[in-house]
Enquirer: 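Sharing a structure with you now.
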There are 2 protein chains.
Amino acid sequence: MTREGGRAGGPAPRSVDVARLAGVSQKTVSRVLNGERYVSDEVRRRVLEAAGELGYRLNSAARALASGRTRSIGVVTLGTALYGPASLLIGVERAARDAGYALRVVNTLEGDPGGVVGAVESLLEQGVDGIVVSEPIDEGAVSLSVDVPVLVLGAPAAFGGTRTVATGVGAEPLARTATEHLLDLGHRTVHHVAGPERWFAARDRLEGWRSALTARGAEQPAVLVGDWSAASGHEAGRALAADGDVTAVFAANDDMAIGVIRALTEAGRRVPDDVSVVGFDDIPVAAYVTPPLTTVRQPFDAVAREGLRLLVRAIERPDADLPPVNDPPVELVVRASTAPPRLRAPSRLRAPSRG
Amino acid sequence: MTREGGRAGGPAPRSVDVARLAGVSQKTVSRVLNGERYVSDEVRRRVLEAAGELGYRLNSAARALASGRTRSIGVVTLGTALYGPASLLIGVERAARDAGYALRVVNTLEGDPGGVVGAVESLLEQGVDGIVVSEPIDEGAVSLSVDVPVLVLGAPAAFGGTRTVATGVGAEPLARTATEHLLDLGHRTVHHVAGPERWFAARDRLEGWRSALTARGAEQPAVLVGDWSAASGHEAGRALAADGDVTAVFAANDDMAIGVIRALTEAGRRVPDDVSVVGFDDIPVAAYVTPPLTTVRQPFDAVAREGLRLLVRAIERPDADLPPVNDPPVELVVRASTAPPRLRAPSRLRAPSRG
DNA sequence: TTGAAAGCGCTAACAA
DNA sequence: TTGTTAGCGCTTTCAA
């Protein structure tokens, strides 16, 4: 008898131990634990009781080896504490867990050798059943054929020749809406502080901004490029503040918008009286900075859940077609950082003043 | 011959396939892949070449089953996009990867049934070699004996009877420093907006605040409790703004500090002229809100790395003693949200004014 | 509805 | 320095 009281010390109990204690075969234990049919209630009860008594825990490595599936999903995400990627990760974890999958996470840092490809390789080696690539940056032609379904969040489908779902490319209409909001207020044009060029998310927003201006026949000012940080927004804001013609700014995320507002404030340009600013994301502090930030809300949680649902379906029904992803709803949150432009002022630079 | 060109279609190659192609035994392939000694350079080269040609990938489930180790670390973290937890996760991932470990992540949402215990159970089932519990909240007596080393970040050691390392409890001196900064400026006392009571992180900061006041013999005002969000800070700020005696506030994180400042601003109380506010964390936007926030910087990355180093050591040298963790350095970042109090004003409430 | 046998692809222990 | 032989603890046949 190898029965251990509780789970103190000794080797971990295996399913044979449970079987012996319950007086059934090892296969029957497996059936009970996997919720298979054709097990009498009586037997099921005995097995569960024995498992509880021994403190039995399934060995997922053995299961993975025998079944060829790990019931886990790998996530490639950026090693940043940015609100967007962090929120997506949370949504993905939650949805995966609800679907019965564990999560294995690999970060890629910008400039990492190997980048996304290396990260995916390492996940494949870990034997994941599916992969989520969250907000990747463009690393040029990626050739890597993967034999599990892949979900790409916030970028066009990559990884040629495989079952890939892409989603969250809906940022473009959101950016268009943000820009139109400023145009609708009466601004002649809108300046843009973009994210890093290699980010697809930055490109979508840039594209949305551009298309809104084009549709209205507005002039397209030169784009300032930041790195998502408030610091870079601040730098861009200094340049913007020096240009007396600027009356409206659309920043590609809220952090940069906050930096822009700070720079404008320091230069004596009031927001929104002199310059209107719109952000992107609706981070939790956006409503509480001064002035409260008009922004566009990204439904991170919905995007992550919807995407994961598709991924799980692709995993569990390998031959079914992958339905397209629904675009998330557009939600503009108007607060106090935007207003109509002041009456046409002389275009010469005014010194900072108290109005 | 089962040799597949490249890696298109067909079953994945196994180490025997590599062995056959390289003309060696399967065990030798295993040796090469594990970087063991006693392999001639010539053989090593041939094996590597064959592996590359076949597109061979190690099967980690098989390895885990045979070796009893997964080379992976499980992380239990909170399902929030809060800057602190997100930063810790990044640091942990990075350090784990550097040490050759993969990461398996389970989130617990506040109020989750099972909470940390359930999360740890699920990780144990996945077969991790070690566990990181990041910023747990107090769930009462936790009894769960775990047979792998555990690292607790930002809380006292839990999980009785096991090899546990705790770290990051150094928030208390940071909070004391923040409070002392305000006292040093000449404020008679400091009000505190705390985090949720069940968070150890909130308790540490509360304790630090309290001890600073006690040491100086300052009066201890009633504590306002928030939930880390700017919204809750805003609510607390409204109450604070209504009290004309308040001249200095220490908020337990930057988000709440921003909410407090917003409420004060709305009430016509100027920061820092009328009220000084200090935050905690130094989130990236802290330097760019208006006024730029005085705060205390948490070295998340250093804490995560140092902790993980200890955890890996505990995994790899089961009998060695666990050295204590070094407390992180205190770093106060003084910006523009703090100033000396105005000359002793009459203590009656003044209506909002422009000073 | 249950059980027996045969692997899954690797590492461990030992032998050569 | 290399190879042989047993498992690791499950799931998958297939048979009863």
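The sequence lines fix the lettering, A, B, ..., with proteins before strands; numbering per chain opens at 1.
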Enquirer: May I have the distance from Arg71(A) (atom CZ) to dT11(D) (atom P), rounded to whole angstrom?
Expert: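 Rounded to the whole Å, the gap is 11 Å.
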Enquirer: Do any side-chain nitrogens or oxygens of Ser67(A) fall under 4.0 Å of OP1 or OP2 in dC8(C)?
Expert: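 For Ser67(A), the contact criterion (side-chain N or O under 4.0 Å from OP1 or OP2 of dC8(C)) is not met.
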Enquirer: Of the listed nucleotides (dC10(C), dA12(C), dT2(D)), which one gets closest to any side-chain atom of Ala62(B)?
Expert: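 The closest nucleotide is dC10(C).
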Enquirer: Need one value for Val16(A): base, sugar-phosphate or nothing, where a base atom within 4.0 Å counts as base even if backbone is also close, heavy atoms only.
Expert: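 Nothing, no nucleic acid heavy atom in range.
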Enquirer: To the nearest 0.5 angstrom, please state how far the CD1 atom of Ile315(B) sits from the CZ atom of Arg71(B).
Expert: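 Those atoms lie 9.0 Å apart.
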Enquirer: To the nearest Å, how far apart are Asn59(A) CG and dC8(C) C1'?
Expert: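 The answer, rounded to whole Å, is 13 Å.
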Enquirer: Within the structure, does a side-chain N or O atom of Ser60(B) lie under 4.0 Å from either OP1 or OP2 of dC10(C)?
Expert: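 The answer is no; no side-chain N or O of Ser60(B) sits under 4.0 Å from OP1 or OP2.
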Enquirer: What's Arg37(A) touching, base or sugar-phosphate or nothing? Going by heavy atoms closer than 4.0 Å.
Expert: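 No contact.
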Enquirer: Among dT2(D), dT11(D), dC10(C), which nucleotide sits nearest the side chain of Thr28(B)?
Expert: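 Closest nucleotide to the Thr28(B) side chain: dT2(D).
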Enquirer: Specify the separation, in whole Å, of atom CG of Leu33(B) and atom P of dC10(C).
Expert: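 Those two atoms, CG and P, are 8 Å apart.
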Enquirer: Kindly point out which of dG9(C), dT2(C), dT2(D) is positioned nearest to the side chain of Ala66(B)?
Expert: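 Of the candidates, dG9(C) comes closest.
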Enquirer: Could you tell me the separation between the CG atom of Asp17(A) and the C1' atom of dC10(D), rounded to a whole number of Å?
Expert: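 It is 13 Å, rounded to the nearest whole Å.
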Enquirer: Does Tyr38(A) place a side-chain N or O at less than 4.0 Å from the phosphate oxygens OP1/OP2 of dA16(D)?
Expert: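 No, Tyr38(A) has no side-chain N/O under 4.0 Å of OP1/OP2 on dA16(D).
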Enquirer: If only atom types and distance count, is the side chain of Asp129(B) paired as donor or acceptor with the main-chain N or O of Arg69(B) below 3.5 Å?
Expert: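 Judged by distance alone, no pair lies under 3.5 Å.
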Enquirer: So which nucleotide from dT2(D), dG3(C), dG3(D) ends up closest to the side chain of Lys27(B)?
Expert: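 Selected nucleotide: dG3(D).
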Enquirer: Could you give the CZ-to-P distance, from Arg69(A) to dT11(D), as a whole number of Å?
Expert: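 After rounding, the gap between these two atoms is 12 Å.
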Enquirer: Using the C1' atoms of five pairs at each end, what's the angle between the two axes of the helix from dT1(C)-dA16(D) to dA16(C)-dT1(D), to 10 degrees?
Expert: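 It comes to 20° between the two terminal axes.
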Enquirer: Could you tell me whether the side chain of Arg104(A) and the main chain of Gln126(A) form a donor-acceptor pair under 3.5 Å?
Expert: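 Yes.
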Enquirer: Looking at Ala64(A) and Thr70(A), what are the two nearest heavy atoms and their distance?
Expert: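 Between these two residues, the closest heavy atoms are CB-CG2, 3.8 Å.
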Enquirer: Between the side chains of Arg45(B) and Glu42(B), is the shortest nitrogen-to-carboxylate-oxygen separation below 4.0 Å, so that they form an ion pair?
Expert: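 Salt bridge: yes.
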Enquirer: Between dC14(C), dG3(C), dA12(C), spot the one nearest the side chain of Arg31(B), thanks.
Expert: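 From the listed options, dC14(C) comes nearest.
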Enquirer: In this structure, how many angstroms lie between the P atom of dT1(C) and the CD atom of Gln26(A), rounded?
Expert: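 Distance check: Gln26(A) CD to dT1(C) P gives 20 Å.
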Enquirer: Does Arg57(B) contact dG9(C) through a side-chain donor or acceptor facing the base, at a distance under 3.5 Å?
Expert: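 Result: no qualifying N/O pair found.
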Enquirer: Where the side chain of Arg44(A) meets the backbone of Gly35(A), is there a donor-acceptor pair that is under 3.5 Å apart?
Expert: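 Checking the backbone N and O of Gly35(A) against the side chain of Arg44(A), no donor-acceptor pair under 3.5 Å is found.
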Enquirer: Does OP1 or OP2 of dC10(C) have a side-chain N or O of Ser15(B) closer than 4.0 Å?
Expert: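 Checking dC10(C) against Ser15(B), a side-chain N or O does come within under 4.0 Å of OP1 or OP2.
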Enquirer: From CZ of Arg20(B) over to C1' of dG3(D), roughly how many Å is that when rounded to an integer?
Expert: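 Interatomic distance, CZ of Arg20(B) to C1' of dG3(D): 16 Å.
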Enquirer: Between Gln126(B) (CD) and dC10(D) (C1'), how many Å, whole number?
Expert: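 It works out to 16 Å between those atoms.
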Enquirer: Are the side chain of Arg14(A) and the backbone of Tyr56(A) linked by a donor-acceptor contact shorter than 3.5 Å?
Expert: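 A pair under 3.5 Å: no.
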Enquirer: Let me confirm one number: the CG-CD1 distance from Leu124(A) to Ile131(A), rounded to the nearest 0.5 Å.
Expert: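 Here the interatomic distance stands at 4.5 Å.
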Enquirer: Does a nitrogen or oxygen in the side chain of Ser30(A) sit under 4.0 Å from OP1 or OP2 of dT11(D)?
Expert: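 Yes.
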Enquirer: What's the closest nucleotide to the side chain of Arg63(A) if the choices are dT12(D), dT11(D), dG9(D)?
Expert: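 That would be dT11(D).
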Enquirer: By nearest heavy atom, map Leu65(B) and Glu36(B) onto DNA chain C; which one lands nearer the 5' end?
Expert: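 The residue whose closest nucleotide sits nearer the 5' end is Leu65(B).
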Enquirer: Any side-chain N or O of Asn34(A) less than 4.0 Å from the OP1 or OP2 oxygen of dT11(D)?
Expert: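 Indeed, a polar side-chain atom of Asn34(A) lies that close.
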Enquirer: Any donor-acceptor pair under 3.5 Å linking the side chain of Asp17(A) with the backbone of Pro13(A)?
Expert: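 Judged by distance alone, no pair lies under 3.5 Å.
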